[in-house]
Amino acid sequence: MSSKTLLRPVRPPTGRPSRVSLPDRIALRIGLALIVWSRRTRRQPHEIDPAAELRRHREEQARLAREAEWVILGAAMHMWR
C-alpha cells in the first residue's frame with residue numbers, strides 16, 4: 001500500500017507558510033462552528049413510557065423478592081446443619 005509521502009519527496013519548509021485555499025478555510029470555519037454548536041445545545045430527555053416504567057418496577061420488585069427468598073432459604077439451610 002502506498003501513500004503520497006512515499007511517491008513524492010517531501011519539500012523542505014520555506015520561510016513563508018503556504019496559503020490555505022478559501023474552500024478549505026470555509027470548511028474549517030463551518031466545521032468548528034458545528035462542533036461548538038453541538039456542544040452548546042442541550043439534549044432533551046427521552047419521554048418515559050409509564051407502562052414500561054411500571055413493568056420495569058414490577059420486574060425489579062419480583063427480582064428482589066426472589067433474591068430475598070434465596071437468602072432466607074440459604075440461612076435456613078445453614079441453621080439446619
Side-chain angles (χ1 to χ4, degrees):
M1 183 164 190
S2 63
S3 68
K4 289 183 180 179
T5 56
L6 293 176
L7 298 177
R8 142 183 89 164
V10 178
R11 292 184 311 182
T14 58
R16 186 173 52 103
S18 62
R19 302 260 324 174
V20 178
S21 67
L22 180 62
D24 286 342
R25 285 187 286 175
I26 291 172
L28 182 63
R29 268 301 151 107
I30 291 173
L32 289 175
L34 287 174
I35 289 171
V36 170
W37 177 80
S38 68
R39 290 178 182 253
R40 291 182 65 176
T41 55
R42 296 186 180 204
R43 306 232 191 286
Q44 295 294 327
H46 297 289
E47 289 186 20
I48 298 173
D49 183 21
E53 187 66 27
L54 183 62
R55 185 176 61 246
R56 205 172 304 124
H57 179 69
R58 286 181 183 160
E59 290 172 356
E60 178 71 15
Q61 292 300 319
R63 185 184 63 81
L64 290 174
R66 283 194 308 273
E67 288 179 1
E69 185 179 349
W70 279 104
V71 168
I72 291 171
L73 286 173
M77 290 299 291
H78 183 70
M79 287 175 58
W80 180 70
R81 285 186 179 181

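We count residues from 1, following the sequence as given.
Going from atom CG of L54 over to atom CD1 of I48 covers 13.0 Å, rounded to the nearest 0.5 Å. Expressed to the nearest 0.5 Å, how far CZ of R56 lies from CG of D49 amounts to 8.5 Å.
Put simply, the residue from I26, L32, L28 that forms a side-chain contact (heavy atoms from CB on, under 4.5 Å) with I30 is I26.
Side-chain contact between H57 and E53: absent, with no pair of heavy atoms (C-beta onward) separated by less than 4.5 Å.
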Steps toward side-chain contact (heavy atoms from CB on, under 4.5 Å) verdict (V71, E67): CA-CA 6 Å; V71 168; E67 288 179 1; 5.5 Å; no
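Between E60 and R63 there is a salt bridge, since a side-chain N of the basic residue sits under 4.0 Å from a carboxylate O of the acidic one.
Environment of CG in L64: crowded, with over 12 heavy atoms of neighbouring residues, nucleotides or ligands closer than 6.0 Å.
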